[in-house]
Structure formats: C-alpha cells, structure tokens
Amino acid sequence: MKFYSTNNPSSRVSFKEAVIKSFPADKGLYFPEEVPELDFLFLETLDHYSLPEIGNEVLRQFTSDDIPAEKLQEIVHDALNFEIPVVEVEKDIHTLELFHGPTYAFKDVGARFLARCLGYFNESENNEVTILVATSGDTGGAVASGFYDVPGVNVVILYPSGKVSDLQEKQLTTLGKNIRALEVKGNFDDCQAMVKQAFLDDEINAKLNLSSANSINIARWLPQSIYYFEAYKQLKDKRKLVFSVPSGNYGNITAGMLAKKMGLEIERFVAASNANDIIPRYLKDGKFEVKPTVATLSNAMDVSDPSNHPRMLELHEKAFKDIIDHVSGFSLNDEETLSVMKACYDTNGYILDPHGAIGYASLKGQLKKKETGVFLETAHYSKFMSTVEQALDQKIDMPDFVGDLMAKEKVATLIDNDYEKFKAYLLD
Ligand SMILES: *Cc1c(COP(=O)(O)O)cnc(C)c1O
C-alpha cells in the first residue's frame, strides 16, 4: 500500500517513508491510496478477536509492504497493552473509555504505535534518531511515554515552565532513560518556534538525525480507527451506531470515518467541539472559516484550523453533501461544559472530564430514536481535577495511580527561551 499527499495525489510514498517524513513537502497530509474493505467474516465475528488482534487485522492492510507480519503482531501487542472498555452511562448512551493507557488519554494509542514503527524502521540503521517535541501538555506526555525505552530513539521534550498541570509535568519529567525534558522559560509558542528552527538548522542536521512525532503522522492516525471496531465488538445493541467525538485537530473522528469506510457499520458521527467551533460552522454552510483560537476548559481541543480537514474530505470523495449526510456538529461553551459535568455526575454518578463532557452533551443533544450512542472519553478526569472539582462543587479523591506518579521526582533542565542555548544543549 502506498500513500499520497492530499495536495498532490500523483506523488506516492511507502508507509515507511510516510512515517519517517511525517508530512509531504507540499504540506498536504498522507492518505492511503485505497481504503481497504475488511473481510466480511472478520467483521461479523469481531467478538472472537482481542483488541490487539483487531489492531493487527486493521493495520496490516496498510503496512504489509513495509513491516513483516510477525513484527507487526509484536508491535501491535506492545502498543495496545491496555483495555479500551465501553461503559454504559445511561440508557442508549455509552462511553468508550480511551484513558486506560499510560498517560490517561487516547493519544497513547497513536503515539505508542508510531514509536514502535520508528523503532523498527531504525533497527537497520546505525545512527540514533532524535525526536523533538514541543508540548502544551498532553501530546508530550503521550509521545514521551510511547517512546520510552524504544531502542535507537532519543526524545527531547520542550514544555513551557509553569504552564502545564502538575500531573502533566510529572508525566513529562519522571521517565528518564531515553527521554529528556527541557523546561523552557517561555510559552508553548516559544517551545514550538525553537523546535521548528532546529529542524531547519544545518549544523544540527549534520550531527543529529531529527524526526518529529507530529500528530498528523499516518502512524498516529491509522491506529485510532482500531477502537471503533473494539467499541462495536463490545456493544450489545449495535443498531444505528452514532459516535460522538470530542474534536480539536479532527484526527480522532476522521479515524472513525476510516473505520466506517473499511466496512464497520456506523450510522453517523457527531463532531463535538468547544467554542473553537469551525467544523460545526462548516457543516452548516460549507464555509471553512478560521477564527482566532480561544482558550477553553477543554484545552486539548483549542484548535481553530484543524489539520485533518483534508482527510475528512478524502474520506467523502470531497463531496460536502456526503459529509453532511454522515456528520453533524455540536458545540458547547465552558459554562455549558461545567453544567453538563455536574448533571451527568448527579444523574449517573459518572465523572466526565471536560472533553468527554462535550462529547456526552453533543450526543445527548442529537441522538434520535432507535439510535445507539457512544461518546469517546478522550482523557481521564484526573488530568483536569480543578475543573472537575469546580464543576461538581466538591472535593474529589485523586485515584491511586495519580498518587504514585505525583510521588515521583521531577527531572528537567531549565533553559532560557533562547535558541542558541537550546542548540548548544542539543549538540552537547
Ligand atoms: C487531542 C485531544 C482531543 C482532540 O483530538 P483530535 O484528534 O485532535 O480531534 C480531545 N480530547 C483530548 C483529551 C485530547 O488530548
């Protein structure tokens, strides 16, 4: 299977090249040259397969030219080594809990698969790869944890000092081994700018083999389709399935659309957004109008120009009519998010994180009779404890796993927001 650029369908690369390059030089996104339909029998008997077995069946369609069957099995079993359960929250409304991985957010799935693919592709090379990531909180943790102890790969994470939550900081700074954390005296944009400059720096490129773990990397996107199959498998009532996906960059929801295109019986999707509601607005009138990003309580969804929009178009043969037949939008502001968290807790005893809350409310707002609803719970609520306590108006006990992490010692190098110092650090 080859992958083309959404900006130029005639340029094709292998899976390996798409993974290593992350995105084409023409700034498009890699997209599979054909979307394979899964075997009917496999789809009919999903409940005979474990999560990694489903993952293997889905991913081998795309990777078999570049990763031998046995190796893929090993990678997938390693990457998907945690549960992704469906839990009923109330009648007809279920949640797919994507937060049982090491950093308690769905990004673990993609980051772990990408890390293992890069590790494998690098086995035959002699020089080590250095992954540079700037993070505003969540992504860095998933990437760091995903690459932890992967041979031949070093990770340097830049994060803005004082601007990530305590739990997020611990996730970035307590791993050790091949993961190094740089605490930058600046904001996220400063971190991002230094990373971008490093990629363009000849001196650095002469000495280090740099790579990025960008969220649009095909190896982060493809495995996210796996858990839609897993959800289908676990549901008792599978009729007219509607998935509501809390969205920012739209990687997660478009991976669901990919699963549908591969043959999974999904009725439709709800694009659940916060005040950064470009897609819900787009779905009303077809205008893709970027507005400035606003900061919200569901900060992982604070994206004003979602980079996966081209993949949404490809998945629907660029037909807007087809998109609106299968996707509807819904958005909530912060006040509504808080009141939904409270209402769901009061009625169902289920604690939502602010992102999941948007998925839940969007589903409730749009579910029709005879449809079965599933919203994706994209992060564990403990990552957003102050918002949870504000919403529920009470003190909530930290789960045990959080205590264990908080007790670990932070190891980070504090550096100025100064490119030359960063460069000296990298070349040292
Ligand atoms: C990244 C993230 C999202 C948004 O996912 P996209 O694939 O960018 O749409 C939603 N919730 C949480 C908790 C996230 O970390």
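In what follows, every heavy atom counts, from backbone to side chain, and hydrogens, waters and symmetry copies are set aside. First listed ligand is number 1; within each ligand, the first listed atom is number 1.
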Exercise. Please work out whether the ring planes of Tyr104 and Phe401 are parallel, tilted or perpendicular, with thresholds of 30° and 60°.
Key: tilted

Quiz item: Should you measure from each heavy atom of Ser247, which atoms of ligand 1 turn up under 4.0 Å away?
Solution: 9 (O)

Quiz item: Is there at least one pair of N or O atoms, one from Gly251 and one from ligand 1, spaced under 3.5 Å apart?
Solution: yes

Practice problem: Mark the output for Pro246 as yes if a heavy-atom distance to ligand 1 is under 4.0 Å, and as no if none is. | Solution: yes

Practice problem: Anything under 30° is parallel, anything over 60° is perpendicular, the rest tilted; go ahead and classify Phe375 against Tyr350. | Solution: perpendicular

Quiz prompt | Met301: numbered ligand 1 atoms lying under 4.0 Å from its heavy atoms | solution = 10 (C)

Quiz item: Which atoms of ligand 1 are found less than 4.0 Å from any heavy atom of Lys107?
Solution: 1 (C), 2 (C), 3 (C), 14 (C), 15 (O)

Quiz item: Do any nitrogen or oxygen atoms of Gln224 come within less than 3.5 Å of a nitrogen or oxygen of ligand 1?
Solution: no

Quiz item: N/O of Phe106 under 3.5 Å from N/O of ligand 1, yes or no?
Solution: no

Exercise. May I ask you to decide if the ring planes of Trp221 and Phe31 are parallel, tilted or perpendicular, using 30° and 60° as cut-offs?
Key: tilted

Quiz item: salt bridge (Lys or Arg N to Asp or Glu O under 4.0 Å) with Glu371: which of Lys240, Arg239, Arg268?
Solution: Arg268

Quiz item: In terms of atom number and element, which parts of ligand 1 are under 4.0 angstrom from non-hydrogen atoms of Ala379?
Solution: 13 (C)

Quiz item: Short N/O distance, under 3.5 Å, between Asn252 and ligand 1?
Solution: yes

Quiz item: Judged by modelled atom types alone, do Asn249 and Ser307 share a side-chain donor-acceptor pair under 3.5 Å?
Solution: yes

